[in-house]
There are 2 protein chains.
Amino acid sequence: MPTIRDVAKTLNLSITTVSRALDGYDDVSKETRQRVIETAQAMGYVPNRAARQLRRQRTDTIGYIVPAKKPQFADPFFAEFVAGLGDEAASANYDLLVSTAPPDSPEEQTIYRRWVQGGKVDGVVINRTRLNDWRVNFLREKKIPFTCLERSLDQGEEFLGVETDIQDGYQELLGHLTAQGHSRIAFIGADASLKVQYDRLRAFQQALTSLGIQPQAHLVIEGDLTPEGGYQAMLHLLALDQPPSAVVCVNDLTAIGAIHAAHDNHCVIGRDLAIAGFDGVADSAHTQPPLTTLDQPVYAIARTLARLLLQAIAREEICQRVITIKPNLLIRASSGGKR
Amino acid sequence: MPTIRDVAKTLNLSITTVSRALDGYDDVSKETRQRVIETAQAMGYVPNRAARQLRRQRTDTIGYIVPAKKPQFADPFFAEFVAGLGDEAASANYDLLVSTAPPDSPEEQTIYRRWVQGGKVDGVVINRTRLNDWRVNFLREKKIPFTCLERSLDQGEEFLGVETDIQDGYQELLGHLTAQGHSRIAFIGADASLKVQYDRLRAFQQALTSLGIQPQAHLVIEGDLTPEGGYQAMLHLLALDQPPSAVVCVNDLTAIGAIHAAHDNHCVIGRDLAIAGFDGVADSAHTQPPLTTLDQPVYAIARTLARLLLQAIAREEICQRVITIKPNLLIRASSGGKR
DNA sequence: TGATTTTACCAAAACGTTTTGGAAAACTCA
DNA sequence: TGAGTTTTCCAAAACGTTTTGGTAAAATCA
């Protein structure tokens with residue numbers, strides 16, 4: 001593996017000149033630069049990252065920790081999210097470091113500490129933000145750049161990241177459901193400490209109220225963002241004295257589980273029961289019947305988060321620190337809409 | 001951010017002693033070690049990774065490049081796979097570097113080159129191995145440790161990784177299908193350059209033959225491992241003069257698309273048509289009807305690949321260089337089995 | 001006792017870059 | 001012509017570790 005020293009020796013130049021030629025400084029002549037670039041290429045020289053990082057005091061790496069329960073995580077949301085981060089990072093010659101840890105666990109703390117204090121990453125992307133999130137306080141205190149999907153309550157104006165504005169989306173979705181005669185509408189949510197749960201439940205209830213329907217506490221169930229959680233929650237709803245005729249789920253995976261449970265109870269979805277999700281993961285188009293959902297451009301959101309983070313790392317002026325995204329209602333057969 | 005120098009100064013010790021105390025060498029007294037550890041802890045000292053890497057000439061990082069087509073990838077297989085790699089790496093205090101690149105593309109080559117030659121990773125995990133795979137030749141030539149899921153034709157005895165033995169699985173699956181009277185059985189596969197396509201198609205045909213059924217070329221269709229590919233392939237099959245009564249798909253995502261297409265053509269799956277997948281991704285339990293599939297322990301496979309890789313990096317003696325895994329047939333309603 | 005071994009520590013070199021602060025050579029202009 | 005300016009290059013100093021090759025002091029042994 002040739003080093004910069006080898007290249008310099010071959011060309012009878014100093015290390016300095018080679019370094020500066022390759023980095024595009026203008027204090028090296030055109031011909032010299034040409035020679036350097038060619039020789040480096042021919043010798044297969046690639047700068048050693050560790051040495052560069054040590055000297056430059058940065059890593060050209062951003063980090064993301066998948067907030068997954070114990071071993072597996074299977075939400076395609078994360079897959080798309082990671083792809084978006086990775087692609088944006090790669091396009092700026094950055095790398096993406098990935099790990100998994102259960103939300104709010106000691107492991108999570110350990111990894112963040114190792115990455116941040118050990119100087120493994122220049123910045124971090126956070127999602128599944130919690131209402132009170134130690135991560136934002138920790139990163140803020142350590143003065144490490146970071147971006148968030150959804151704003152925690154600890155963050156005021158200095159927030160940097162993406163927020164989804166779901167009010168209109170839920171208004172439209174519930175308008176669609178009530179237009180078909182539904183009035184007993186349930187909500188299968190997530191852990192109450194999550195910001196998305198807080199936001200989506202509130203938007204759901206506000207939309208209901210604005211349509212003249214009184215929200216009912218016993219029609220709000222807690223799931224866990226997985227199909228299994230959705231399945232159990234749906235069973236619970238179906239066992240009620242007066243089961244709902246429509247169910248809004250906090251994400252698509254929950255909805256997939258709910259559909260399954262309804263099927264198992266011989267409900268015909270789209271006729272006996274309307275179901276809607278949130279996210280627009282690829283699978284949602286392939287459930288039976290296809291799932292009505294509020295589609296978010298997850299891949300684009302991830303790229304945006306990475307882009308903002310890279311700008312923050314480079315200390316660029318960021319004109320728009322909060323990027324707001326509105327989900328897009330996809331009406332499919334699961335809500336009895338057009339087939 | 002305190003460095004080892006700060007710790008040494010605080011304790012009036014040399015840098016050497018601090019370093020060796022923390023690394024557990026035995027040429028430092030019990031009391032000194034204790035003092036060092038406590039002070040380092042108290043000062044919040046964490047070794048700088050870049051400096052350590054530069055000196056040790058290794059990175060404590062393994063790499064994995066998701067072989068995804070253009071922007072998105074949504075296969076939960078990858079999500080589970082990445083989680084497995086990440087967890088195993090973390091348990092050995094290693095990190096996981098992730099990127100995405102279309103298979104066999106210039107981007108793929110660039111990233112591998114950057115990682116390997118720039119010394120960003122100590123080793124690499126490969127999956128979606130191709131029949132002739134430049135990656136294995138490249139890594140072998142550069143003498144970088146790597147492990148593979150599935151063996152490419154370029155690899156002989158020096159293979160290190162996991163192979164799936166699917167012969168029995170397909171035998172059992174096709175036995176199950178023929179027992180229900182199916183004899184026109186189609187196969188929706190993947191790109192012919194992939195090792196899994198090669199293996200699974202061959203296993204499928206051998207199983208058919210052994211059951212006394214002549215494989216028919218026009219019942220073998222090429223998909224692309226996505227639901228969309230499965231959807232299109234299924235439409236094609238349904239339009240045949242004599243459509244198949246059962247369809248075996250190369251992975252679950254393909255099967256999910258196939259189910260969708262069949263539904264859209266008013267086939268009742270499990271009655272008019274049997275469909276089976278491969279992988280056992282979480283979603284396969286929640287299709288309607290639930291999908292019969294050959295379940296692979298993806299998470300465990302990924303952990304195994306990472307573990308083997310770490311052993312290779314540490315130059316440990318590896319007693320078992322090829323770990324063979326057999327998928328497990330899950331009979332669900334999509335093949336007309338038990339409900 | 002003096003010779004040998006063990007214990008506990010350390011100075012300095014190395015890892016491969018980037019950056020700082022010049023400095024010689026080649027121009028430019030009056 | 002000679003003073004200033006620009007161009008092109010470079011030596012040496014970091015960056016924060018780990019490792020090498022020691023050396024005094026203490027303990028052990030004959």
Side-chain angles (χ1 to χ4, degrees), chain A residues 1-37 39-40 43-61 93 95 114-122 314, chain B residues 1-37 39-40 43-61 93 95 114-122 314:
Chain A
M1 208 110 315
T3 75
I4 199 174
R5 180 166 284 114
D6 300 325
V7 179
K9 197 157 289 173
T10 305
L11 287 163
N12 262 325
L13 283 172
S14 75
I15 293 178
T16 310
T17 306
V18 174
S19 174
R20 300 186 71 97
L22 292 174
D23 269 11
Y25 282 73
D26 59 359
D27 65 349
V28 35
S29 73
K30 266 205 151 41
E31 311 87 62
T32 309
R33 160 162 307 131
Q34 195 55 35
R35 278 202 308 146
V36 169
I37 290 174
T39 315
M43 297 177 68
Y45 167 73
V46 179
N48 178 294
R49 300 288 278 225
R52 165 175 286 178
Q53 286 169 22
L54 178 58
R55 173 62 227 212
R56 286 213 189 133
Q57 294 293 84
R58 56 195 182 100
T59 64
D60 294 354
T61 302
N93 242 297
D95 288 312
R114 209 150 56 93
W115 282 8
V116 169
Q117 316 220 16
K120 278 234 78 163
V121 297
D122 295 337
Chain B
M1 205 108 317
T3 75
I4 199 173
R5 179 167 286 112
D6 301 324
V7 178
K9 199 157 289 171
T10 305
L11 286 163
N12 262 324
L13 283 172
S14 74
I15 294 178
T16 310
T17 305
V18 174
S19 173
R20 301 187 70 98
L22 293 174
D23 270 12
Y25 282 73
D26 59 357
D27 64 351
V28 35
S29 74
K30 266 205 152 43
E31 311 88 62
T32 310
R33 160 163 305 128
Q34 195 55 34
R35 279 201 308 145
V36 170
I37 289 174
T39 315
M43 298 177 69
Y45 167 72
V46 179
N48 177 294
R49 300 288 281 226
R52 166 176 284 180
Q53 286 169 24
L54 178 58
R55 173 62 225 210
R56 283 213 190 134
Q57 294 293 80
R58 57 194 183 108
T59 64
D60 294 352
T61 302
N93 242 297
D95 289 311
R114 210 152 53 96
W115 282 7
V116 168
Q117 316 220 15
K120 279 235 76 163
V121 297
D122 295 338

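Throughout, protein chains are lettered first and strands after them, A, B, ... in sequence-line order, and every chain is numbered starting at 1. Since the model is a prediction, treat every value here as computed from it, not as a measurement.
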Upstream residue (5' side of DNA chain C) when A:Arg5 and B:Arg35 are each assigned their closest nucleotide: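 Here B:Arg35 is the residue nearer the 5' end.
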Taking only side-chain N and O atoms of [X], does any of them lie within less than 4.0 angstrom of OP1 or OP2 on [N]?
X	N	answer
B:Ser19	D:dT18	yes
A:Arg52	C:dT18	yes
A:Thr17	D:dC9	no
B:Thr32	C:dC9	yes
A:Gln57	D:dG16	yes
B:Tyr25	C:dC9	no
B:Arg55	C:dA14	no
B:Thr16	D:dT19	no
A:Ser14	D:dC10	yes

For [X] and [N], give me the distance from atom [atom1] to atom [atom2], rounded to whole Å.
X	N	atom1	atom2	answer
B:Arg58	D:dT17	CZ	C1'	13 Å
A:Asp26	D:dT8	CG	P	9 Å
A:Ile4	D:dA11	CD1	C1'	14 Å
A:Leu22	C:dG16	CG	P	16 Å
B:Lys120	C:dG16	NZ	P	17 Å
B:Arg20	C:dA11	CZ	P	14 Å
A:Arg56	C:dT19	CZ	P	6 Å
A:Asn48	D:dG16	CG	P	17 Å

Residues A:Arg114 and B:Asp60 bridged, charged N to O under 4.0 Å: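 Looking at A:Arg114 and B:Asp60, the cut-off is not met.
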Minimum-distance nucleotide to A:Pro47 side chain [options: C:dG16, D:dT18, C:dT17]: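 From the listed options, C:dT17 comes nearest.
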Applying a 4.0 Å non-hydrogen cut-off, can you work out what [X] is touching in the nucleic acid: base, sugar-phosphate, or nothing?
X	answer
A:Asp27	base
B:Leu13	sugar-phosphate
A:Arg49	nothing

So, does [X] use its side chain to make a donor-acceptor pair with the main chain of [Y] at under 3.5 Å?
X	Y	value
B:Asp23	B:Arg20	no
B:Asp122	B:Thr59	yes
A:Arg49	B:Gly119	no
A:Ser19	A:Ile15	no

Greater than 12 external heavy atoms within 6.0 Å of B:Arg56's CZ: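 Buried by this count: over 12 neighbours within 6.0 Å.
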